[in-house]
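Below: one structure, written as structure tokens.
In listed order, ligands and their atoms are each counted from 1. Note that this is a predicted model, so its numbers are computed, not measured.
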Amino acid sequence: MDSPVVLGIESSCDETGAGLVRRGRLLGHAVASSMDEHARYGGVVPEIAARAHVHAIRPVIQRALEEAGLRMADIGAVAVSTGPGLSGALQVGLAGAKGLAYALDVPLFGVHHLAGHVAADTLAHGPLPNPCMVLIVSGGHTSLLLVRDLARDPITHLGDTLDDAAGECFDKVARAFGLPYPGGPAIDRAARLGDPRAVPFPRPLPSSYDFSFSGLKTAAARWAEGHAGRALPVADGAASLQEAVADVLTSKAVAACVEHDVDTLVVVGGVAANSRVRSLAEARCRTAGITLRMPPLGLCTDNGAMIAAVGDLLIRAGTKPAPLDLSIDPSAPLEYAALHPVATAPAGAA
Ligand code: KG4
Ligand code: ZN
């Protein structure tokens with residue numbers, strides 16, 4: 001059977017994304033962000049995010065279709081991120097996805113947002129090897145995962161964050177440094193002129209695959225407080241924080257690859273856009289003989305193409321679609337890529 005064009009919809013946080021994927025190929029995608037509306041509050045305000053999705057969802061889908069040179073009637077399946085995320089924000093995307101699936105009479109798939117981040121890389125670099133090691137570093141999650149067949153197999157968590165996620169650490173420390181929201185890109189920019197060895201920030205949990213960034217966040221905030229009344233050397237603080245985060249993330253990811261004899265590391269999520277995380281991962285993987293894969297910057301942060309990519313993989317694995325009473329799951333654990341009961345054909349049958 002010919003693979004359908006899959007529309008992916010993403011609305012779990014402050015980005016409204018729509019993407020179109022067919023047989024692993026990205027046909028077009030568009031993203032609208034309500035980031036500027038949250039900036040003066042220093043973080044995402046859930047109600048503002050939900051309202052912004054309501055306004056953005058139709059034009060974003062239209063822009064994705066235009067970029068792909070397709071019409072609404074060409075959509076053969078709809079995939080939507082149903083969790084984890086902000087509940088009001090997720091509801092908007094799910095309502096839009098259900099409406100379209102019903103109106104077009106096409107199947108609907110509920111997708112785990114983080115599986116979307118993993119699948120994003122396939123749009124740039126082709127199918128993932130089985131197995132591969134995946135480091136997810138986003139605003140809300142930091143996980144080290146052993147991924148086999150993303151569409152069929154359960155995902156093994158080797159490590160997760162015990163407290164703050166890496167992106168959260170960047171965002172909160174940026175605030176303490178007087179940098180704008182979102183903090184990750186601001187720290188990345190400020191760090192360019194700084195000395196990464198200027199401040200000896202801690203490297204938490206060195207002998208575990210779990211992560212903890214809350215102590216590092218506090219150390220950085222204390223360091224900033226210690227300059228009260230004096231000029232804060234922001235560039236040095238930013239470079240040193242970024243070095244500590246990149247060091248912890250990449251050393252654990254490479255150690256996990258070596259221990260589990262996995263030769264491919266995939267680094268995904270918003271923090272994979274960080275220049276030092278990227279360069280240190282490249283250097284350490286090269287030394288260890290590990291193939292490193294990272295999505296291009298535009299596919300690292302939240303987007304609809306990554307959700308469409310999961311939908312496309314699920315369809316090609318013979319996954320049963322979701323019922324139209326599918327609901328959101330704001331704190332969904334990452335076990336399977338699909339977020340609804342599935343029945344798949346055995347591998348090789350599709
Ligand atoms: O994956 P994502 O777009 O949304 C979530 O699912 O959370 O990740 C957003 C996170 C934010 O914490 C943001 O500060 C961080 O990714 N981020 C960065 C960079 N770009 C985005 N962190 C460090 N350096 C960057 N260049
Ligand atoms: Zn995300």
Side-chain angles (χ1 to χ4, degrees), residues 8-17 19 29 31-35 38-39 42-44 46 49 80-86 89-90 93 111-121 134-143 161 164-177 179-192 194 196 211 213 216-217 220 238-250 266-281 294-307 309-310 330-332 334:
I9 296 178
E10 158 60 36
S11 72
S12 63
C13 191
D14 57 350
E15 260 98 35
T16 318
H29 85 119
V31 179
S33 177
S34 59
M35 200 176 276
H38 308 286
V44 176
V80 59
S81 167
T82 48
L86 302 169
L90 290 165
V111 167
H112 196 290
H113 174 80
L114 295 177
H117 277 299
V118 180
D121 189 66
V134 177
L135 174 66
I136 295 193
V137 272
S138 73
H141 296 86
T142 306
S143 296
T161 185
D164 292 7
E168 202 175 346
C169 174
F170 278 129
D171 292 336
K172 289 178 176 166
V173 172
R175 217 168 155 180
F177 285 6
L179 294 170
Y181 173 86
I187 296 262
D188 202 341
R189 279 192 303 275
R192 277 183 217 150
F211 301 91
F213 290 106
L216 179 56
K217 172 191 71 182
S240 302
L241 174 81
Q242 189 172 273
E243 191 64 25
V245 173
D247 182 18
V248 167
L249 292 174
T250 56
V266 191
V267 186
V268 299
V271 179
N274 182 267
S275 59
R276 187 56 183 149
V277 170
R278 293 179 91 89
S279 66
L280 199 53
M294 280 183 289
L297 295 188
L299 293 176
C300 281
T301 43
D302 291 349
N303 64 83
M306 67 187 199
I307 305 302
V310 177
S331 53
L334 178 56

Option nearest atom 26 (N) of ligand 1 (shortest heavy-atom distance, choices V268, V271, D188): D188

G167 neighbourhood, listing ligand 1 atoms whose heavy-atom distance to it stays under 4.0 Å: 12 (O)

Identity and separation of the nearest protein heavy atom to atom 21 (C) of ligand 1: G270 O, 3.4 Å

Heavy atom of C13, distance to ligand 1 below 4.0 Å: no

Nearest candidate to atom 23 (C) of ligand 1, where distance is taken over non-hydrogen atoms, out of P182, G116, A186, G184: G184

Best match, C300, G43, G139, A174: closest heavy atom to atom 7 (O) of ligand 1: G139

H117 N/O under 3.5 Å from ligand 1 N/O: yes

Between E10 and N303: side-chain donor-acceptor atoms closer than 3.5 Å: no

Non-hydrogen atom of Q242 closer than 4.0 Å to ligand 1: no

Contact check: G269 vs ligand 1, nitrogen or oxygen atoms, below 3.5 angstrom: no

N, O or S from H113 under 2.8 Å to the Zn ion (ligand 2): yes

D171 contact mode with ligand 1 (heavy-atom cut-off under 4.0 Å): side chain

I307 side, atom CD1; S81 side, atom OG - distance, nearest 0.5 Å: 4.0 Å

N/O separation below 3.5 Å, N274 to ligand 1: yes

Any N, O or S atom of H117 closer than 2.8 Å to the Zn ion (ligand 2): yes

Atoms of ligand 1 close to T301 [distance to a heavy atom under 4.0 angstrom, numbered from 1]: 3 (O)

Polar contact flag for D302 and ligand 1 (N/O pairs, less than 3.5 Å): yes

Ligand 1 contacted by H141 (non-hydrogen, < 4.0 Å): no

Nitrogen or oxygen atoms of F170 and ligand 1 under 3.5 Å apart: no

Protein contact of atom 6 (O) of ligand 1 - nearest heavy atom, named by residue and atom, plus distance: H113 NE2, 3.1 Å

